Amino acid sequence: MLPEIPGMWREDAIGWLINPWPYGFFFIISAIALIINWIAFPQPKHDKNHWGYVFSGLFILLWLSAMLGLYNASQYATGFLILEYLLGLINYLLAVKLFLSVPGNRIRLISGWGIGIVLMFLNAIYQYFIGFAVLEEYIRDTGQQVSTVLLAKIADRRTSAPYDLSNSLAGAILLGTPVLLIFAGKMAKYFTPEKISRNIFTTLVCVAAIFIFLVGLTTRSRAAILALLAAIALTAILKIKNLKLKIGAVVLIALIISGGGLYIANSKRGLGSMQVRLDYAATAAKMAFSHPFAGGGWGNFQFDYMLTKNDGTEEAPRDPHNMILTFASQCGIISGLLIVALMIIPFYGCWRLNGFKKRENQLIAFGLMAFSIHALAEIHLLIPSLMAMWLTAGMLLLIPEESSTADIHERNPLLLIPAIAGIVLFSYGLYADYCFQQVTNASAMNRDMRHNFNKLDKLRPYSPYHHLLIARRLTPLSPVEAGSFA
């Protein structure tokens, strides 16, 4: 989700059925979902469990604090897109909060999420065994020119489906596999004998996850593997009561991480990307401490990094690849602290509710822990589905089934404010994104783009990216041709 890249708008029905939708649809659907849940599920009037409200309130405060990033911003397009995105996530989070307030909906949400993870696994397995070969054959038969990045990805067999990035799939596996284990356990109740069925389903889930994550080398994501090991280490520290066993577990995992580090350092890929991540973090930290109140401004990390980078590459990242530093560097330390609080509250709230006595919550917490650690080295913040899963897992820990009961319910009209505001803003944004896609297509095919360009210039006067498309279109033309185009 980047301001210079429009959503993938399709021109045929099949394309809409089998390809990803523009990210703006997530914003619209989240607002509609909030309205539907507001109508269908009134809130308990005297809800003793306040942790769901705390989590939602912190995220709303994060959205408000993110506005500070506009003060020093040099790219308002980035700032407005992030604020629109965060508003969409607020609508989604509130919709989940309303949905979970009704007894019985918790298992429905977990089941729906589990089915989605199954489809994700099948998609990744299909890509690994069939998809890459089909794509290679298509490129060979048609002679189509493709980027070297895509060719390297095909040759490396780094599975990423249904995501564009294999590291994003790794994050989804970390967070989704525990949920799928819960779903498999629930499904086993419908088969006999139940115990054997549960063991079979659990084994299938684990085998699929291990294959995609390790054998298929889905990600070859060193950060994902380290995040998994770190989550195991933290779990061992918290779960094991015997001090000697606890120390032994930590030492064993430290040795595994050290051995893995030596292996990676001597492998073909080496530790280059990890060193670059540290470079990102150093630049982001400098921005945060140079502008502690309002941050360095949305979109300015890229410029600051290009001035201080020392890795010798041409890479120009837009994001520090760290969820905390993304906010702290570009909109102030307050925003960074709010993200830290959002990462901690689900665990603290669940502990206060004695929720960790349940195996289900333990599994969700483990996945959430591993994902949150992984988010400190990746761009999960910019992937709507990953952020939606992160928020869902947090809310599941904070709203146990038994707390969602009350005799008197009511509808709070204040909840409609972000939904209605969202629908208005998101509809405007979707139309602008559609015009941007038309301009992009026209530029790529050397067609006349002036009509949609003029509309886009009125819809997004603050954005430089459609002007950049025009510049690229005019650069190879002669002065006469460029003048006639204008």
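Bear in mind that the values here come from a model prediction, so they are computed numbers and not experimental data. For this chain, numbers begin at 1 and follow the sequence in order. The figures that follow rest on heavy atoms only: side chains count, while hydrogens, waters and symmetry mates do not.
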Evaluate the side-chain contact (heavy atoms from CB on, under 4.5 Å) criterion for residues Thr392 and Tyr92: first the C-alpha distance (whole Å), next the side-chain angles of each, then the deciding distance (0.1 Å), finally the verdict.
CA-CA 9 Å; Thr392 302; Tyr92 175 83; 2.6 Å; yes
Could you go step by step and tell me if Phe121 and Leu180 meet the side-chain contact (heavy atoms from CB on, under 4.5 Å) rule?
CA-CA 10 Å; Phe121 276 23; Leu180 188 52; 3.9 Å; yes
Stepwise side-chain contact (heavy atoms from CB on, under 4.5 Å) test for Met369 and Met343:
CA-CA 8 Å; Met369 184 190 303; Met343 287 181 167; over 6 Å; no
As a quick check of understanding, evaluate side-chain contact (heavy atoms from CB on, under 4.5 Å) for Leu100 and Phe41, giving each step before the final call.
CA-CA 9 Å; Leu100 289 175; Phe41 308 118; over 6 Å; no
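Minimum interatomic distance between Leu89 and Pro384 (heavy atoms only, all atoms of both residues): CD2-O, 4.5 Å. In plain terms, the two heavy atoms of Gly52 and Leu398 that are nearest each other are N-CB, 4.3 Å. Between Ala393 and Leu175, the shortest heavy-atom distance links the atoms CB-CD1, 4.0 Å. Heavy atoms only, all atoms of each residue included: Val276 and Tyr305 are closest at CG1-OH, 3.9 Å. Residue Leu86 comes nearest to Ala66 through the heavy atom pair CD1-CB, 3.8 Å, listed as atom of the first residue, atom of the second, then distance. Among all heavy-atom pairs drawn from Pro162 and Leu169, the shortest one is CD-CD1, 4.4 Å.
Under the 3.5 Å distance criterion, with hydrogens and angles disregarded, a donor-acceptor pair is assigned to the side chains of Ser335 and Ser65. For the 3.5 Å distance criterion, the side chains of Ser372 and Trp390 qualify, holding a donor opposite an acceptor.
Judged purely by atom type and a 3.5 angstrom limit, Gln362 uses its side chain to pair as donor or acceptor with the backbone of Phe356. The main-chain N or O of Leu174 is never found under 3.5 Å from a side-chain atom of Thr177 such that the two would form a donor-acceptor pair. Listed for the Asn300 side chain is a donor-acceptor partner under 3.5 Å among the backbone atoms of Asn72. Not one N or O on the side chain of Thr326 forms a donor-acceptor pair closer than 3.5 Å with the backbone of Asp319. Checked by atom type and distance alone, the side chain of Trp38 pairs as donor or acceptor with a backbone atom of Asn412 at under 3.5 Å. Side-chain atoms of Asn322 do not come within 3.5 Å of backbone N or O of Ala377 as any donor-acceptor pair. Judged by distance alone, with hydrogens and angles left aside, the side-chain atoms of Asn91 form no donor-acceptor pair with the main-chain N or O of Ser30 at under 3.5 Å. A donor-acceptor distance shorter than 3.5 angstrom exists from the side chain of Asn37 to the backbone of Ala33, with no hydrogens or angles considered. A donor-acceptor distance shorter than 3.5 angstrom exists from the side chain of Ser101 to the backbone of Leu98, with no hydrogens or angles considered. For Thr283 (side chain) and Asp279 (main-chain N/O), a donor-acceptor pair under 3.5 Å exists by modelled atom type.
One finds the OH atom of Tyr126 at 15.0 Å from the CG atom of Leu119 (value rounded to the nearest 0.5 Å). Atom-to-atom distance recorded for Tyr85:OH and Met387:CE is 5.0 Å, nearest 0.5 angstrom. Atom-to-atom distance recorded for Leu368:CG and Leu397:CG is 6.0 Å, nearest 0.5 angstrom. The distance from the CD1 atom of Ile417 to the CG atom of Leu34 is 11.0 Å, given to the nearest 0.5 Å. In this structure, CH2 on Trp351 lies 11.5 Å from CG on Leu238, to the nearest 0.5 angstrom. In this structure, Met287 CE and Ile333 CD1 are separated by 12.0 Å, a value rounded to the nearest 0.5 Å.
With contacts defined as side-chain heavy-atom distances shorter than 4.5 Å, the pair Ser160/Gln127 qualifies. Taking the side chain as every heavy atom from C-beta outward, Val96 and Leu391 never approach each other to under 4.5 Å. At a threshold of 4.5 Å between non-hydrogen side-chain atoms, the residues Ile110 and Lys186 do not count as touching. Looking only at side-chain heavy atoms (C-beta outward), Ile399 and Trp51 stay at 4.5 Å or farther from each other. The shortest distance between side-chain heavy atoms of Ile379 and Leu165 falls below 4.5 Å. Residues Gln330 and Leu70 have side chains not in contact (no heavy-atom distance under 4.5 Å, counting atoms from C-beta outward). Side-chain contact check for Leu204 versus Ile200: some heavy-atom pair is nearer than 4.5 Å. You'll find the side chain of Leu338 stays beyond 4.5 Å of the side chain of Phe327, heavy atoms only.
Relative orientation of the Phe27 and Phe426 rings is tilted, given thresholds of 30° and 60° on the angle between their planes. Using cut-offs of 30° and 60° on the angle between ring planes, the pair Tyr280 and Phe301 is perpendicular.
A 6.0 Å sphere centred on OH of Tyr53 holds more than 12 heavy atoms belonging to other residues, nucleotides or ligands. Enclosure of atom CZ in Phe293 is not indicated, since only 12 or fewer non-hydrogen atoms of other residues, nucleotides or ligands lie within 6.0 angstrom.
Not less than 6.0 angstrom separates the ring centroid of Trp298 from the ring centroid of Phe80.
Pairs passing the side chain to side chain donor-acceptor pair (under 3.5 Å) check and including a residue from residues 376-389, sequence neighbours excluded, read Tyr163-Ser385, Asn167-Glu378, Arg277-Glu378, His374-His380.
Cys350 pairs in a side chain to side chain contact (heavy atoms under 4.5 Å, CB included) with only one of the listed residues (Ile364, Asn361, Leu396), which is Asn361.
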